[in-house]
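One structure below.
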Amino acid sequence: MDIPKQYDPKQAEQDHYERWEKLGFFAPEINRDPNAPVYSIVIPPPNVTGSLHMGHALQHTMMDVLTRYKRMSGYRTLWLMGMDHAGISTQLMVTRELKKERLTRHDLGREAFIERVWKWKKESGGQITRQMRREGASVDWSREKFTMDEDLSYAVREVFVRLYEEGMIYRGNRIVNWCPNDQTVLSDLEVQKEPQAGKLYYLQYPVKGSDKRVTVATTRPETMLGDTAVAVNPEDERYGDLIGATLTLPLTDREIPVVADGFVDPEFGTGAVKVTPAHDPNDYDMGMRHNLAQITVIDPQAKMTEAAGADFAGLDRYQARTKVVEKFEELGLLEKVVDYEFSISKCERCKTVIEPLTSTQWFLHMDKLRDLALDLMSREKKPRFVPEVPHEKVYTNWLENLRDWTISRQLWWGHQIPAWYTPDGEVIVARSEAEAREKGGTGELTQDPDVLDTWFSSALWPFSTLGWPQETDDLKTFYPTSVLITARDIIFLWVSRMVMTGMKFIGERPFDDVYITGTILDPHGQRMSKTKMNGIDPLEVFDRYGVDATRLKLASVGSTDVRWNDKQVESYRNFANKIWNATRFCLLNSEGAAIDPGTVKGATADLALHDRWILSRLNKTARDVSAALADYEFHEAVQTLYHFFWDDLCDWYIELTKADVTNEVVSKQRDEARTRLISVLDQALRLLHPFMPYITEDLWLRLPGAHAELLHQAYAGAEPTIMLAAYPEANADLIDEEAEWQMQAVIDLISRVRNIRSEMNIKPSERVRVLIGAPDGKLRSVLTANTNQISRIVRASEVSIQETLDAPRASARAVLVGGAEVAVPLEGLIDFEQERLRLSKEKEKLKAEAGKLEAQLGNPQFAERAPAEKVAELRARISDIAQRTTQLDQTIANLE
RNA sequence: GGGCACGUAUGUCAAUGGUAGACGGCUUCCCUUACAAGGAAGAGGUUGGGGGUUCGAGUCCCUCCGCGCCCACCA
């Protein structure tokens with residue numbers, strides 16, 4: 001057998017995924033058990049324009065771990081993959097392509113443009129689907145969805161119509177967030193606030209019929225051209241007599257009133273506020289309260305309109321600002337300009353400053369939907385956020401303060417709003433044009449040109465992807481889904497909306513749990529971003545360290561933010577190599593053996609200590625990993641597996657069983673030892689598989705054994721793969737505390753002797769005599785039973801175990817558990833002074849520990865109030881330390 | 001302006017109120033027939049400061065310092 005000494009991840013990554021996919025292992029249909037429990041996850045649909053970044057890799061790893069774990073545990077598992085049409089992003093992507101051909105989308109026209117987008121999608125979209133295959137993601141490709149698919153689009157129209165018919169969707173003219181660059185309205189969630197260093201301009205407006213002036217402070221002087229009032233606080237004594245007065249609005253021929261409104265903060269600025277209802281959300285509300293006119297002075301291109309006056313019409317908003325300020329200065333009406341930092345709203349995508357405009361749009365009333373989500377939380381505590389704090393509260397708070405959702409967008413790429421207008425301007429909302437014609441009784445219909453916010457279709461994802469509004473088997477089987485795994489930043493945009501629509505249209509929660517992952521920051525603690533160019537490409541990391549190692553690192557990220565560090569991936573790469581070589585050892589010594597799960601399922605009385613011990617460790621590991629995954633403690637699961645494999649299996653079990661396994665003489669005993677080892681390895685690989693799919697599959701298939709017979713019964717008859725092998729379940733009967741204690745004693749002895757060898761600078765090649773005095777009979781028999789192993793591992797020429805120690809004075813010594821002592825004769829090698837120092841140091845350590853413990857026990861209230869179990873535990877520890885200390889004292893005395 | 005996290009070994013991170021750990025790095029020794037991407041043995045901590053609750057605090061409470069995130073209509 002020829003196996004390289006180093007693991008090459010690329011080979012395994014190339015060899016298995018295609019086979020898994022082709023054989024249908026990812027699809028729930030692979031499960032033949034009609035009574036199998038169900039586990040389902042819908043993927044947060046990546047944008048069709050997107051490529052894999054660390055955040056994806058992180059989420060996908062966690063989803064895949066859970067999916068593979070549940071699949072191996074016999075669940076009917078579905079991890080549903082799909083992509084989002086990503087309205088603005090995709091439209092921009094294609095618009096940019098057109099620009100290279102010196103074309104605009106308007107040159108093509110709507111229909112041709114949309115065709116072009118589909119063409120782009122077909123040719124260049126969905127890069128991420130290839131990258132996800134590299135990740136090893138076990139998503140069911142046969143059910144892959146796209147938010148613009150015909151069936152999903154139908155679901156969108158169905159929802160729209162139903163909400164409209166219930167009066168929850170309405171069309172209205174209101175002030176909205178407008179992006180002058182993208183030429184579309186945006187929802188509040190797509191607007192980003194950024195601090196901005198700017199100026200606060202103090203403008204004076206003359207009072208009509210008086211020489212008094214009122215000073216208002218503003219960050220946007222250009223909007224004064226659309227002012228229709230000045231507002232003051234009704235309680236503000238400074239302005240009491242001005243309320244109701246008329247002001248002459250400079251630069252225009254208009255006169256505006258002074259109104260009283262509680263919104264105005266007398267402390268800020270001058271206490272008088274200019275009111276521009278058409279260009280500021282607050283002013284808009286104030287305007288509604290006081291019946292003020294809305295004068296639109298800025299157009300959708302962010303240029304001044306005719307209404308701004310001849311001097312300004314056509315100017316850009318910032319040019320207009322300069323000009324307004326100049327004019328005020330000329331007129332002597334500019335009181336002062338001060339530096340001022342405020343926050344400015346920008347388009348999340350293109351960073352253009354948002355212009356608040358009044359515009360006719362479609363809105364969704366959120367009150368009733370919000371209540372559905374809030375009720376679900378208060379009644380059933382669903383969804384269960386993990387971690388609960390702070391996400392549940394943030395989610396609930398946000399819902400409580402929810403405002404109407406602007407759902408229309410002035411784009412071409414997306415779900416066109418299913419509303420048609422008759423020549424008379426009547427609005428008909430319908431599932432199709434045919435239905436609209438029928439409803440309207442006329443064929444002359446024009447469909448609303450707008451499309452829906454991308455998040456509108458995303459909000460339906462957990463049920464639209466399963467076939468709703470049809471009552472499909474998939475919908476019945478997989479809804480509600482088990483868990484949603486996603487990042488913090490879309491709790492509002494997406495999670496909350498799925499809950500609301502799920503409750504509204506299915507009447508049930510879309511998922512039980514929501515696991516919110518942490519964020520992976522760059523090595524300096526900065527967020528990774530395209531603009532900062534500090535992103536770390538997961539595919540490069542895959543290339544350098546392998547997919548499995550990267551997944552292990554990602555799985556241990558958990559829910560707190562972490563800084564990326566290659567070193568950690570490197571250490572998991574080393575771990576993969578360790579797995580490789582441990583298996584290599586087993587394979588090199590596998591003749592006469594085959595995987596036999598039976599050998600690890602029941603302990604027989606005549607098993608050696610290390611065999612009983614590894615079974616105990618194995619079952620504890622299975623227990624702990626399952627418990628950790630049940631609580632989404634991925635980090636804990638990884639640690640448990642890592643230490644089981646490396647420490648327990650490699651460092652100890654393989655070493656202890658080596659003598660039997662590598663015996664050159666063919667024997668039943670040798671074959672049994674080999675079978676046990678390979679069977680333990682089989683279990684270990686299965687435990688690791690959800691985290692490290694490639695290496696485990698690669699190695700597992702090489703192990704001798706009838707692989708097809710090792711599959712979980714739900715997959716009987718499938719092609720062999722570790723993916724469908726039963727996930728090890730803990731058997732409490734095999735957790736053997738007695739064996740663990742005994743093994744610990746052996747490990748302790750070996751460590752002590754190794755320590756002596758190291759501290760005394762004994763050459764590795766040199767054999768030593770190991771003399772043990774163990775007054776406790778049980779310990780004595782445990783050590784005696786393992787003399788061969790001990791001797792082998794510490795390279796002893798002799799291991800002698802007596803009731804009392806009988807060793808030459810010139811020996812290095814150490815104290816063991818239960819008052820036992822070990823001595824290594826070192827005639828001529830030992831420096832007595834140094835040995836005394838070494839032992840004294842150890843004694844000091846023990847004394848310090850004993851001191852702390854005794855102080856605790858000495859506190860009368862401890863014994864009184866602490867649980868009896870804790871007190872007993874403490875007493876036991878103290879007595880053990882005392883025993884060791886006494887023994888050390890004697891040992892030191894003997895050196896004198 | 002509100003709200004929420006976080007601060008633990010040199011680095012990155014763990015620890016249901018009960019002996020503070022892991023990995024990396026560092027020191028010493030070893031290419032011992034699975035693995036030098038390895039083995040063995042070590043060093044390294046008043047858990048950001050201060051106060052409190054408790055028999056017992058990294059963990060709960062208060063406060064200060066530091067870093068970060070989210071929400072918000074002070075022009």
Side-chain angles (χ1 to χ4, degrees), chain A residues 3 5-7 193 200-201 216-220 223 231 263-276 280-286 340 342-343 356 387 389-391 393-394 397-398 401 488-489 491-492 519 521 523 525 527 545 549 553 556-558 560-568 570-589 633 635-636 638-639 642-643 650-651 654-655 658 662 750-751 754-759 761-765 794-795 849 852-853 856-857 859-867 869-871 873-874 877:
Chain A
I3 307 167
K5 284 186 174 187
Q6 270 192 12
Y7 171 52
K193 299 277 170 115
L200 193 57
Y201 302 85
V216 295
T218 181
T219 54
R220 302 197 57 196
T223 62
F263 166 78
V264 180
D265 175 8
E267 303 294 316
F268 187 88
T270 61
V273 186
K274 61 190 277 308
V275 183
T276 322
D280 181 280
N282 298 317
D283 294 6
Y284 179 86
D285 291 344
M286 259 194 282
Y340 180 65
F342 60 105
S343 67
V389 181
H391 301 111
K393 199 173 160 191
V394 167
N397 265 343
W398 182 80
N401 299 308
R488 263 190 295 270
D489 52 356
I491 293 178
F492 306 142
T519 309
L521 307 169
R527 277 187 101 83
Y545 301 107
K553 158 64 194 169
S556 51
V557 163
T560 52
D561 296 355
V562 294
R563 297 176 184 210
W564 182 262
N565 187 345
D566 274 355
K567 283 285 178 189
Q568 294 163 338
E570 197 183 320
S571 99
Y572 287 125
R573 191 263 325 249
N574 295 351
F575 179 53
N577 197 50
K578 190 75 179 177
I579 297 170
W580 178 265
N581 278 295
T583 307
R584 181 168 179 265
F585 172 80
C586 294
L587 291 175
L588 291 171
N589 298 285
E633 286 174 349
H635 179 270
E636 185 67 26
V638 170
Q639 290 305 306
Y642 183 95
H643 291 293
C650 294
D651 287 352
I654 290 182
E655 290 310 319
K658 207 173 233 176
T662 59
I750 291 171
S751 299
R754 279 170 166 174
N755 176 278
I756 288 170
R757 292 191 66 118
S758 174
E759 301 256 318
N761 288 320
I762 298 164
K763 284 200 197 100
S765 53
V794 303
R795 294 173 162 257
E849 202 188 333
K852 269 200 324 208
L853 299 180
Q856 199 181 345
L857 192 63
N859 185 337
Q861 303 198 333
F862 173 72
E864 218 172 279
R865 303 198 188 181
E869 186 193 313
K870 288 286 163 198
V871 179
E873 206 179 292
L874 191 68
R877 270 171 54 210

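Every value quoted in this text rests on a predicted model; they were computed, and no experiment measured them. Letters A, B, ... are given to chains in the order of the sequence lines, protein chains preceding strands, and every chain is numbered from 1. Computation of the quantities below employed the complete heavy-atom set of this structure, encompassing side-chain atoms and omitting hydrogens, waters and symmetry-equivalent molecules.
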Nucleotide of B:rG18, B:rC35, B:rC70 approaching A:P867 most closely (side-chain heavy atoms): B:rG18

Touch class at under 4.0 angstrom, heavy-atom based, for A:E655 against every strand present: base

Distance between P atoms of B:rG51 and B:rA57 (Å, rounded): 13 Å

Geometric cation-pi criterion A:K870 and A:F862, 6.0 Å radius, 45° cone: no

Sugar-phosphate, base or nothing in reach of A:V562, heavy atoms under 4.0 Å: sugar-phosphate

From B:rC74, B:rC13, B:rC71, nucleotide with atom closest to A:H635 side chain: B:rC13

Sugar-phosphate only, base, or nothing, as touched by A:K193 at under 4.0 Å among non-hydrogen atoms: sugar-phosphate

d(CH2, A:W398; C1', B:rC71) in whole Å: 12 Å

Sugar-phosphate only, base, or nothing, as touched by A:F575 at under 4.0 Å among non-hydrogen atoms: nothing

Candidate nucleotides B:rC73, B:rC71, B:rA41, ranked by approach to the side chain of A:S751 - the nearest: B:rA41

Distance test, side-chain N/O of A:R877 to OP1/OP2 of B:rU19, below 4.0 Å: no

Short side-chain N/O contact to B:rC35 OP1/OP2 from A:K578, under 4.0 Å: no

Sugar-phosphate only, base, or nothing, as touched by A:C650 at under 4.0 Å among non-hydrogen atoms: base

Closest nucleotide among B:rA34, B:rC30, B:rG24 to the A:P764 side chain: B:rC30

Sugar-phosphate, base or nothing in reach of A:Y340, heavy atoms under 4.0 Å: sugar-phosphate

Closest nucleotide among B:rU12, B:rA75, B:rA22 to the A:V264 side chain: B:rA75

Closest nucleotide among B:rC13, B:rC35, B:rC73 to the A:N282 side chain: B:rC73

Sugar-phosphate only, base, or nothing, as touched by A:D265 at under 4.0 Å among non-hydrogen atoms: base

Taking every non-hydrogen atom, the tightest pair across A:K578 and A:C650: CE-CB, 3.7 Å

Sugar-phosphate, base or nothing in reach of A:D561, heavy atoms under 4.0 Å: sugar-phosphate

Sugar-phosphate, base or nothing in reach of A:K870, heavy atoms under 4.0 Å: base

Plane angle bin for A:Y340 and A:F342 - parallel if under 30°, tilted between 30 and 60°, otherwise perpendicular: parallel

Minimum-distance nucleotide to A:K393 side chain [options: B:rA41, B:rA22, B:rC4]: B:rC4

Short side-chain N/O contact to B:rG38 OP1/OP2 from A:N574, under 4.0 Å: yes

Presence of A:T560 side-chain N/O under 4.0 Å of B:rA14 phosphate oxygens OP1/OP2: yes

Phosphate-side-chain proximity, A:Y572 and B:rA37, N/O vs OP1/OP2 below 4.0 Å: no

Sugar-phosphate only, base, or nothing, as touched by A:Q639 at under 4.0 Å among non-hydrogen atoms: sugar-phosphate

Side-chain-base donor-acceptor pair under 3.5 Å for A:R573 and B:rA37: yes

Minimum-distance nucleotide (side-chain atoms of A:R527 versus B:rC35, B:rC69, B:rG11): B:rC69

Pairwise C1' distance, B:rG11 and B:rG17 [rounded to whole Å]: 29 Å

Sugar-phosphate, base or nothing in reach of A:N397, heavy atoms under 4.0 Å: nothing

Most 5' of A:L853 and A:E633 on RNA chain B, judged by nearest nucleotide: A:E633

Sugar-phosphate, base or nothing in reach of A:K658, heavy atoms under 4.0 Å: base

